[in-house]
Amino acid sequence: MSADHHRMANAIRALAMDAVEQAKSGHPGMPMGMADVATVLFSRFLKFDPADPKWPDRDRFVLSAGHGSMLIYALLYLLGYERMTIDEIRRFRQLGSLTPGHPENFVTPGVETTTGPLGQGLGNAVGMAIAERHLAAEFGDIVDHRTYVIASDGDLMEGISQEAIALAGHLKLNRLIVLFDDNGISIDGPLSLADSVDQVKRFEAAGWAASRVDGHDPDAIAAAIEKAQTSDRPTLIACRTTIAFGAPTKAGSEKSHGSPLGAEEIAGARQKLGWTSAPFEIPPDILAAWRGAGARSKPAHAAWQKRLASFEATKRAEFERRMRGDLPGEKLRAAVRAVKESLASAPKEIATRAASELALETLIPALPEMLGGSADLTGSNNTKTMSMKVLTAADYGGRFIHYGIREHGMAAAMNGMALHGGIIPYSGTFLVFSDYCRPSIRLAALMGERVIHVMTHDSIGLGEDGPTHQPVEQLAALRAIPNLLVFRPCDTVETIECWQLALEARQSPSVLALTRQNLPQLRLGRDDDNRCARGAYEIAAAEGRAQVSLFASGSEVVIALAARKLLADKGVAARVVSVPCFELFFAAPDDYRESIIGTAPVRVGIEAAVRQGWDAIIGSDGLFVGMSDFGASAPYKDLYRHFGITPEKVAETALSGLR
Ligand SMILES: Cc1ncc(C[n+]2csc(CCOP(=O)(O)OP(=O)(O)O)c2C)c(N)n1
Ligand SMILES: [Mg+2]
């Protein structure tokens, strides 16, 4: 290998040391340890064009070990990503810089995903690799790239990694290549404190090709990547490295993981590495070599543009639409209209999970970007329509993924698909297991990615499976995540409306909380406008001046309507507001919100879940009928009676407020 390699890698090391030192915080060890691997990958293999960070056919690079963010920032600067200037490197970890503590894809061009919570990036990468194969099945050689990951010990120790690698191995995602920073060190010290897994054997057991290399030997690294590129399965390359390679006393020690090395140590490292440049200075010949590496894929990019230009016009337009993330607006509106019309002519008393399937029967043919799935609850989540083929290693063109019992891995993969572009992933599990998806849902919300989680069995209404399966705090917990839309439709009509809103929410993930139990259709469905769009609306007005406002979501709306009748019998006028989505309601114009909250002296919230969050609608002096403890195992009607979520109880509660 040329002397250039070592000096190029040292440029990464120097920038990492200097930026962390300047910020007085950060993680120099990982970038210094993985500088050789990254140099080989970016200067010889990775396909990308700094002039067009969003080139659809670029290789995806995921820095799963997000604490090593200076590695990617140094690379982006050295390779010539225009906005990543040396000033941005100097401003590492400062407010408003392009160089936040951990990589954020919505901040920094060239960063593919937001990482830091260990294991998530690897999970995203599996989704990206699925997206690539799926789109290639549809669009041919316009889609032809690889996904590379740098993962650390922490990434591989996290449980989510098992789900991710098992799924990738099963689907034979041979364009997925993981470079494992096998440095034997984590924060507490040597890995031997807490781990003795043989990662090569582990990955092999999951259907991967796996090997070990010296992570400071560029030729060995290159040979391993070359081999991986022709593998018939995903590849793990365990790169044996020394953390903080080059640091005189802290190399190989956990002390270099997450703190500045200090002036003396940096001076020693400069000497050891033969790096004589001042802080933040890169010798012109080295910068030129890096910029040359940045220009390496220009011919490939040009060839791709030519291929795209010669692509059949409608297919090309469709590909471009999909990658932009634009919906086929008219088709979506027509699909929603068709569903509503059929519901208007033949109202249905079905569970909202079944209503969701009904909606999907029309949405799936209309929106080819939708890619569904379930974590082994396909029949319960109703996420697979009759016509959907399964995505398998033999047929990546299928549009339904059997994720297996892997909620963590599923949710992370969905984020990766959305990030890849061209796909709107949706999937299913039970609402109570949203906790198993939560870390990925949170990241989807932070990143502003459109992923849709169908979460059924949304309350004690699921009945006999009992409290382990009955969500009570999950709705509140999900509503606490900023930028997440939590929908809880009350009938078939609201369900299609909520689906439409979730699909249209370009920069927000959504959860659709759906029932297991049947519900009557409360709305005729003839409305042209989407009544759920403002989050809450009056579904039944008071007869006369309202003394009571009843606010409910999902399966409790019908209970509120029955309570309204009981109150009317007692001469008390009540109105009912359906609240399918808190977040949209809170975002609605003030005057709309005020009119929906209304002026009735008594406000009652009804939801088969904990009260937390409802005060924003009913006020702290509002009354609430719901759950304050875990559920129980019994037929669901018995449970509603047992926990006092009934029309009688609601009416009684309202009356107590009037007294
Ligand atoms: C889910 C999660 N838990 C904990 C952390 C805090 N953390 C950051 S890095 C790290 C482990 C460091 O070891 P390793 O992954 O091997 O990285 P290295 O020190 O080798 O760079 C931990 C526990 C995290 N980022 N994410
Ligand atoms: Mg480590």
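No experiment lies behind these values; they were computed from the predicted model shown. Indexing begins at 1, ligand by ligand and atom by atom, following the structure's order. Sequence positions, counted from 1, serve as the residue numbers for this chain.
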F180 ring center within less than 6.0 Å of F203 ring center: no
H170-H402 aromatic ring centre distance below 6.0 Å: no
At a 4.0 Å threshold, what atoms of ligand 1 neighbour a non-hydrogen atom of [X]?
X: G154; value: 14 (P), 15 (O), 16 (O)
X: N183; value: 18 (P), 20 (O)
X: G116; value: 24 (C), 25 (N), 26 (N)
X: P117; value: 26 (N)

Side chain or backbone, does [X] bring an N or O within less than 3.5 Å of an N or O on ligand 1?
X: L118; result: yes
X: D153; result: yes
X: H257; result: yes

More than 12 heavy atoms of other residues, nucleotides or ligands under 6.0 Å from [atom1] of [X]: is that the case?
X: Q507; atom1: CD; result: no
X: K172; atom1: NZ; result: no
X: Y436; atom1: OH; result: no
X: F106; atom1: CZ; result: yes

Side chain, backbone, both or neither: the part of L191 lying under 4.0 Å from ligand 1 by heavy atom: neither
D153 atom (N/O/S) at minimal separation from the Mg ion (ligand 2): OD2
Heteroatom test (N, O or S) for G184 near the Mg ion (ligand 2), limit 2.8 Å: no
The Mg ion (ligand 2) contact by N183, N, O or S atom under 2.8 Å: yes
Got a salt bridge between [X] and [Y], using NZ or NE/NH1/NH2 to carboxylate O under 4.0 Å?
X: K201; Y: E204; value: no
X: R240; Y: D182; value: yes
X: E132; Y: R60; value: no

Proximal candidate to atom 18 (P) of ligand 1 [heavy atom criterion; set E158, H67, M30]: H67
What protein heavy atom lies closest to [atom]? Include the residue and the distance to one decimal.
atom: atom 16 (O) of ligand 1; result: I185 O, 2.9 Å
atom: atom 23 (C) of ligand 1; result: I187 CD1, 3.8 Å
atom: atom 15 (O) of ligand 1; result: S152 OG, 2.6 Å

From F61 atom CZ to F48 atom CZ, the distance as rounded to the nearest 0.5 Å: 10.5 Å
